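None of the values given here were measured: they were computed from a predicted structure. Note that these values count all heavy atoms, side chains included, but never hydrogens, waters or copies made by symmetry.
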Amino acid sequence: MRNLGHHLASPWRRSAVAAVAGALPVLAFPAPNLWWIAYVALVPWLLLIRTAPTGRRAVFDGWWGGFGFMLVMHHWLLPSLHVFTFVLAALLGALWAPWGWLVRRTLGGSPSGRRVAAALLVVPSGWLTIELIRSWQGLGGPWGVLGASQWRVEAALRLASVGGVWLPSFLVVALNVAVAVLVAERRARVPAVAGLVAVAAAGSAAWAAPRPEQTGERTRIALVQPGVIAGPDSADRRFDREERLTRELAGQDVDLVVWGESSVGFDLGDRPDLARRLAALSRETDAEILVNVDARRSDRPGIYKSSVLIGPDGPTGDRYDKMRLVPFGEYVPARSLLGWATSVGKAAGEDRRRGSEQVVMDVGDGLRIGPMVCFETAFPDMSRHLVQDGAGVLLAQSSTSTFQRSWAPEQHASLAALRAAETGRPMVHATLTGVSAVYGADGGRIGPWLGTDASAAHVYEVPLARGTTLYVRFGDWPPQAALVVLAVYGAVGLVRSRRGARRPLVPPVRTAHGSPVRHGR
């Protein structure tokens with residue numbers, strides 16, 4: 001222990017340890033998928049911060065840990081953004097700086113039972129506030145929300161139906177706080193154990209929450225995944241392969257065919273030949289086809305990514321233009337200041353245009369779909385609003401071909417399980433190059449994943465559901481409650497500090513021999 005303390009006395013060594021400790025929770029996400037490690041992954045970071053000699057050092061421990069978390073979570077961006085990935089990780093990591101101060105404030109030294117009880121609420125609330133802030137698309141969006149690591153755990157999916165992905169996040173952090181106290185402070189084990197019991201009780205209570213019920217009806221949805229196609233004329237060759245794979249679906253009684261993001265690289269107004277070929281495919285398969293056009297529009301300026309529904313007579317007129325774009329991948333925030341990122345990586349040379357509203361499409365026989373494009377599946381509010389507008393099936397069209405051999409494809413596919421559980425509606429995640437997947441209304445997987453090595457068309461039998469989850473009804477109430485907790489904690493601390501400042505200092509009365517006499521309370 002003395003040697004460890006000696007090593008951590010160096011600010012740079014301590015910062016390196018904080019960065020490594022902050023990166024540990026990433027192992028709970030796909031592709032490592034060690035979901036169980038999330039329950040203790042924050043403990044080393046918490047134990048480090050609580051031993052910080054000053055509040056200033058705790059702030060740096062929080063910042064460096066946040067840097068490690070963001071860098072490893074987004075490591076797959078390195079081939080595209082290069083050194084700018086480190087800049088982004090440092091900027092986003094700063095969100096954890098005040099969290100570090102909060103951890104030391106509540107858990108530092110020898111915390112009393114009251115302080116531990118406060119920490120079980122305040123520290124998770126601080127974490128949830130960070131996740132809420134970075135959920136703004138300009139800061140990268142809610143990629144890597146801690147609760148999303150629990151996408152395979154049925155109890156966590158139940159919790160998500162009550163409070164979205166935010167509720168599992170809160171409880172996972174609370175669990176880590178309780179374990180950290182048990183490790184470091186045996187005298188405070190009673191409130192720590194009470195915290196563990198409270199987390200278990202919350203998980204059990206989620207089973208009593210109302211859940212959507214299956215209607216007994218099913219829809220057959222086919223995903224077309226062409227696989228990696230690179231080099232000259234890749235857009236034409238990709239279309240040819242998608243066309244061939246779609247023809248294999250003829251006679252399979254499919255209700256809807258879904259192609260991935262950027263599956264059509266030309267505006268259909270400029271390429272009526274492609275529109276005719278798509279209409280012919282719709283007639284051959286006796287199903288409508290949802291494609292995704294990534295091209296400069298012929299009817300308005302700029303490049304759009306658009307979900308376009310194709311019927312037997314061509315485009316039906318149903319179109320959704322992507323609203324939330326990927327920072328640096330599809331636009332450069334504050335381009336006048338950060339435009340230099342295009343010179344060191346593969347940042348967007350031209351900003352794509354945004355759509356103005358979400359769209360629910362009617363594909364016939366009472367089936368209504370809510371399309372999203374790629375990055376948008378990370379935002380819980382988008383799927384929630386689509387279900388409120390009447391979507392019976394959520395659909396995502398994605399492409400992670402740039403990050404084919406990284407953790408990104410599997411992590412992206414896993415998000416659809418959370419969105420399905422939150423809304424009580426099945427969700428389809430269709431990609432160009434994998435991973436493609438389908439999930440039921442409870443977040444459970446339906447059928448096989450189409451991995452990054454697959455080039456195939458696969459039909460999924462998707463059960464439909466009805467009813468409303470508590471999350472759809474009440475929205476993002478956990479992060480709002482977290483803000484209230486932090487406000488109350490801050491107000492109580494302010495009142496106590498003012499009372500301490502106003503308390504009169506009574507000088508000691510001395511006896512004739514000069515010894516002080518202590519005043520009674």
So which atom in [X] and which in [Y] form the shortest heavy-atom distance, rounded to 0.1 Å?
X	Y	result
Ala421	Leu157	CB-O, 3.6 Å
Ser262	Asn292	N-OD1, 2.9 Å
Arg134	Leu95	CB-CD1, 3.7 Å
Gly265	Ala295	O-CB, 3.8 Å
Glu248	Gln252	O-NE2, 2.8 Å
Leu223	Ser436	CD1-CB, 3.9 Å

Heavy atoms, side chains only, cut-off 4.5 Å: are [X] and [Y] in contact?
X	Y	value
Gln411	Phe403	no
Pro426	Val438	no
Tyr439	Arg419	no
Pro212	Thr469	yes
Thr246	Thr285	yes
Trp166	Asp476	yes
Tyr460	Val428	no
Ser125	Phe170	yes

[X] side chain vs [Y] backbone, donor-acceptor pair below 3.5 Å:
X	Y	answer
Ser306	Val308	no
Gln225	Ala454	yes
Arg276	Arg271	no
Arg384	Val472	yes
Glu242	Val224	no
Arg220	Val254	no
His82	Leu78	yes
Glu422	Val165	yes
His412	Ala408	no
Tyr471	Trp477	no

Output field: ring centroids Trp127/Trp96 closer than 6.0 Å: yes
Tell me if the centroids of the rings in Trp143 and Phe29 come within less than 6.0 Å of each other. no
Give the intermediate values and the outcome of side-chain contact (heavy atoms from CB on, under 4.5 Å) for residues Val123 and Trp99. CA-CA 7 Å; Val123 173; Trp99 185 77; 3.6 Å; yes
Ion pair check, [X] and [Y], cut-off under 4.0 Å:
X	Y	value
Glu284	Arg247	yes
Lys305	Glu261	yes
Arg352	Asp321	no

Spacing of [atom1] belonging to [X] relative to [atom2] belonging to [Y], to within rounding of 0.5 Å:
X	Y	atom1	atom2	value
Asn33	Arg152	CG	CZ	4.5 Å
Asp286	Leu281	CG	CG	13.0 Å
Asp294	Phe266	CG	CZ	11.0 Å
Leu146	Leu171	CG	CG	11.0 Å
Arg354	Lys322	CZ	NZ	10.0 Å
Ile221	His458	CD1	NE2	12.5 Å

Give a yes/no verdict on a cation-pi contact between Arg324 and Phe379, requiring under 6.0 Å between NZ or CZ and the six-membered ring centre and an angle within 45° of the axis. yes
Residues [X] and [Y]: side-chain donor-acceptor under 3.5 angstrom:
X	Y	result
Ser169	Glu131	yes
Thr468	Arg473	no
Gln397	Ser307	yes

side-chain contact (heavy atoms from CB on, under 4.5 Å) for Leu71 and Phe86? Distances and angles first, verdict last. CA-CA 7 Å; Leu71 180 62; Phe86 292 90; 3.7 Å; yes
Hey, is [atom1] on [X] packed in by over 12 heavy atoms from elsewhere, all under 6.0 Å?
X	atom1	result
Asp351	CG	yes
Asp365	CG	no
Glu213	CD	no

Could you walk me through whether Val393 and Leu256 pass the side-chain contact (heavy atoms from CB on, under 4.5 Å) check? CA-CA 11 Å; Val393 174; Leu256 177 67; over 6 Å; no
Hey, mind stepping through Leu386 and Met372 against side-chain contact (heavy atoms from CB on, under 4.5 Å) and telling me if it holds? CA-CA 9 Å; Leu386 286 169; Met372 292 173 283; 3.8 Å; yes
Parallel, tilted or perpendicular: ring planes of His74 versus Trp76, cut at 30 and 60 degrees: tilted
Evaluate the salt bridge (charged side-chain N to carboxylate O under 4.0 Å, His left out) criterion for residues Asp240 and Arg277: first the C-alpha distance (whole Å), next the side-chain angles of each, then the deciding distance (0.1 Å), finally the verdict. CA-CA 10 Å; Asp240 291 343; Arg277 288 165 67 181; 2.8 Å; yes
